[in-house]
*Asks:* 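Questions regarding the structure given below will be posed in turn.
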Protein chains: 2
Amino acid sequence: MNISAASKAAGLPVKTVRYYADIGLVEAPSRTEVGYRSYDDAAVRKLAFVRRSRAFGFTIEECRELLDLYQDQDRNSAEVKKIASARLEQIEEKQRELQSLHDELAHLVKSCRGDHRPDCPIIDYLG
Amino acid sequence: MNISAASKAAGLPVKTVRYYADIGLVEAPSRTEVGYRSYDDAAVRKLAFVRRSRAFGFTIEECRELLDLYQDQDRNSAEVKKIASARLEQIEEKQRELQSLHDELAHLVKSCRGDHRPDCPIIDYLG
DNA sequence: CCTTGGCCTTCTAGTTACTGGAAAGATTAA
DNA sequence: TTAATCTTTCCAGTAACTAGAAGGCCAAGG
């Protein structure tokens, strides 16, 4: 499988597939005689694993750890859970942040007439 | 007022105050004889305006527009409202995204025993 | 056989909004 | 006087890609 087939199979852009090997997140693939990267199913599975992990918002470093755990038959699920819980905490923190931002901004937007006149509670609040 | 006093008054790091002038977000301040930046109250007000705008998550470019509107006595509040509404939309979109991420991850975390054994629904889901 | 289009390679640089650090001059307090 | 604390500029790094340029490889149509 050359890179574009692998990228389709993994659901990642070609550039990203190359990038992940460049930074050592996944193993560098073998090459054909002319230097084309060559992927097998296992490599594609790892790429897709990273894609799903990234979709949850795990950082590249966290993906590295998760990938290690993925490939470790003797892993402790506790380690996985710990990483995932930390991310969950982060998400919840972000949600709280966004909620208060939302409430405040929604209030301001609602109270702004939004017409041709200059007076504006949004500007007043910011200034 | 030199830069550290201004930075305290505006609630921004010194580096950020310099940066905002470097990128032309705020006017470059005048200089003393030896080249120290010199800020007046109006400059500090603009810096604080940017700080509050950034806290709402407006991009630097949006801050630029908002700052222009702030200083335009003939502004239409409609323009302000439009920018703020767009940001509000974005926040809501992000909230939806986080919510579904949260639900999915919370479910996985909950169903993982988190012990010394290798089987783990989180890893299963990612793999 | 030639050309055209679509792959593939590497390398550099740009993105966002700062932040850190080094080197060196200015100012202030003890 | 000296030490600490300013201030300046400039360079580089962050995260995770993404865009683009220059050039080689390969399959199909004419």
Side-chain angles (χ1 to χ4, degrees), chain A residues 1-26 28-40 43-44 46-67 83 86-87 90-91 94 97 101, chain B residues 1-26 28-39 43-44 46-67 86-87 90-91 94 97 101:
Chain A
M1 221 186 310
N2 57 19
I3 199 167
S4 69
S7 105
K8 263 164 210 143
L12 288 171
V14 168
K15 288 257 181 187
T16 303
V17 172
R18 271 195 214 99
Y19 175 71
Y20 284 167
D22 283 353
I23 62 172
L25 175 57
V26 299
S30 58
R31 302 291 183 119
T32 67
E33 286 144 11
V34 297
Y36 286 16
R37 287 170 180 82
S38 183
Y39 294 86
D40 58 14
V44 168
K46 286 175 207 168
L47 287 167
F49 182 96
V50 173
R51 175 176 55 74
R52 289 186 209 101
S53 303
R54 291 285 302 130
F56 271 127
F58 291 110
T59 64
I60 294 288
E61 287 316 305
E62 286 164 342
C63 290
R64 227 182 269 275
E65 296 175 43
L66 288 170
L67 210 43
I83 296 173
R87 176 68 191 130
Q90 255 183 15
I91 289 174
K94 191 78 187 169
E97 217 178 284
L101 240 51
Chain B
M1 222 184 315
N2 58 18
I3 199 167
S4 69
S7 104
K8 263 165 210 143
L12 287 170
V14 167
K15 286 257 181 188
T16 303
V17 172
R18 273 195 213 101
Y19 174 70
Y20 285 167
D22 284 352
I23 63 172
L25 175 56
V26 298
S30 57
R31 302 291 183 118
T32 67
E33 287 142 13
V34 297
Y36 283 18
R37 289 170 179 82
S38 183
Y39 294 86
V44 167
K46 285 175 207 169
L47 287 167
F49 181 96
V50 173
R51 176 176 54 75
R52 289 186 209 102
S53 304
R54 291 284 302 129
F56 272 127
F58 291 110
T59 64
I60 294 289
E61 287 316 306
E62 286 164 342
C63 289
R64 227 181 269 276
E65 297 175 42
L66 288 170
L67 210 42
R87 176 69 190 130
Q90 254 183 13
I91 289 174
K94 191 78 188 170
E97 216 178 286
L101 239 52

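Note that these values count all heavy atoms, side chains included, but never hydrogens, waters or copies made by symmetry. Order of the sequence lines sets the chain letters (A, B, ...), proteins ahead of strands, with each chain counted from 1.
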*Asks:* Could you check which residues of residues 49-65 of chain A get a heavy atom under 4.0 Å from DNA chain D? Sort them by number, please.
*Replies:*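 Residues of residues 49-65 of chain A under 4.0 Å from DNA chain D: A:Arg54, A:Thr59, A:Ile60.
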*Asks:* Determine the minimum heavy-atom distance between A:Leu101 and B:Ala55, stating which atoms define it.
*Replies:*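 Looking at all heavy atoms of both residues, the shortest contact is CD1-O, 3.5 Å.
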*Asks:* Rounded to whole angstrom units, what separation is found between the CZ atom of B:Arg31 and the C1' atom of C:dG25?
*Replies:*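 Taking atom C1' of C:dG25 as the reference, CZ of B:Arg31 is at 14 Å.
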*Asks:* Nearest-Å distance, NZ (A:Lys15) to P (C:dC7)?
*Replies:*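 One finds 15 Å between P of C:dC7 and NZ of A:Lys15, rounded.
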*Asks:* Rounded to the nearest 0.5 Å, what separation is found between the CG atom of B:Leu12 and the CG atom of B:Leu47?
*Replies:*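 CG of B:Leu47 is found 6.0 Å from CG of B:Leu12.
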*Asks:* Quick one: pull up NZ in B:Lys8 and CD1 in B:Ile3 and give me the separation to the nearest 0.5 Å.
*Replies:*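 Between atom NZ of B:Lys8 and atom CD1 of B:Ile3 there are 11.5 Å.
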*Asks:* How would you label the contact of A:Ile3 with the nucleic acid (heavy atoms, under 4.0 Å): base, sugar-phosphate, or nothing?
*Replies:*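 The residue A:Ile3 makes sugar-phosphate contact but no base contact.
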*Asks:* Between A:Glu62 and A:Ser53, does the side chain to side chain contact (heavy atoms under 4.5 Å, CB included) criterion hold? Intermediate values first, please.
*Replies:* CA-CA 9 Å; A:Glu62 286 164 342; A:Ser53 303; over 6 Å; no
*Asks:* How close or far is atom C1' of D:dC11 from atom CG of B:Asp22, stated in whole angstroms?
*Replies:*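 That distance rounds to 13 Å.
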*Asks:* What bend angle does the helix from C:dC1-D:dG30 to C:dA30-D:dT1 show across its length, from five-pair end axes and to the nearest 10 degrees?
*Replies:*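 Between the first-five-pair axis and the last-five-pair axis there is 20°.
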*Asks:* Nearest 0.5 Å please: distance from the CD atom of B:Glu97 over to the CD1 atom of A:Ile91.
*Replies:*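 Going from CD on B:Glu97 over to CD1 on A:Ile91, the span is 10.0 Å.
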*Asks:* Distance check needed: D:dA15 C1' versus A:Leu25 CG, whole Å only.
*Replies:*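 Going from A:Leu25 (CG) to D:dA15 (C1'), I get 13 Å.
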*Asks:* Just grab all the salt bridge (Lys or Arg N to Asp or Glu O under 4.0 Å) pairs involving residues 15-26 of chain B, residues at least two apart or on different chains.
*Replies:*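 Every pair satisfying salt bridge (Lys or Arg N to Asp or Glu O under 4.0 Å) with a residue in residues 15-26 of chain B: there are none.
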*Asks:* Return no unless some side-chain N or O of A:Arg37 is found under 4.0 Å from OP1 or OP2 of C:dC7.
*Replies:*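 Indeed not, no polar side-chain atom of A:Arg37 lies that close.
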*Asks:* Supply the atom-to-atom distance A:Arg51 CZ to A:Tyr20 OH, rounded to the nearest 0.5 angstrom.
*Replies:*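 Between A:Arg51 CZ and A:Tyr20 OH, I get 10.0 Å after rounding to 0.5 Å.
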*Asks:* Would you check if A:Val50 and A:Phe58 make a side-chain contact, meaning some heavy-atom pair closer than 4.5 Å?
*Replies:*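 No, side chains not in contact.
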*Asks:* So, OP1 or OP2 of D:dA16: does either fall under 4.0 Å of a side-chain N or O from A:Tyr20?
*Replies:*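 No.
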*Asks:* Figure out the CG/C1' separation between B:Asn2 and D:dT5, and round it to whole Å.
*Replies:*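 That distance rounds to 11 Å.
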*Asks:* Tell me: OH of A:Tyr36 to P of C:dG6, nearest whole Å?
*Replies:*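 In whole Å, C:dG6 P and A:Tyr36 OH are 15 Å from each other.
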*Asks:* Nearest-Å distance, CZ (A:Arg18) to P (D:dT18)?
*Replies:*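 A:Arg18 atom CZ is separated from D:dT18 atom P by 13 Å.
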*Asks:* D:dA16, OP1 or OP2 - any side-chain N/O from A:Thr16 closer than 4.0 Å?
*Replies:*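 It does not, given that no N or O in the side chain of A:Thr16 lies less than 4.0 Å from OP1 or OP2 of D:dA16.
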*Asks:* Starting at CZ of A:Arg87, measure out to OG1 of A:Thr59 and round the result to the nearest 0.5 Å.
*Replies:*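 Atom-to-atom, A:Arg87:CZ and A:Thr59:OG1 are 9.0 Å apart.
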*Asks:* Tell me: OH of B:Tyr19 to P of C:dG20, nearest whole Å?
*Replies:*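 That distance rounds to 15 Å.
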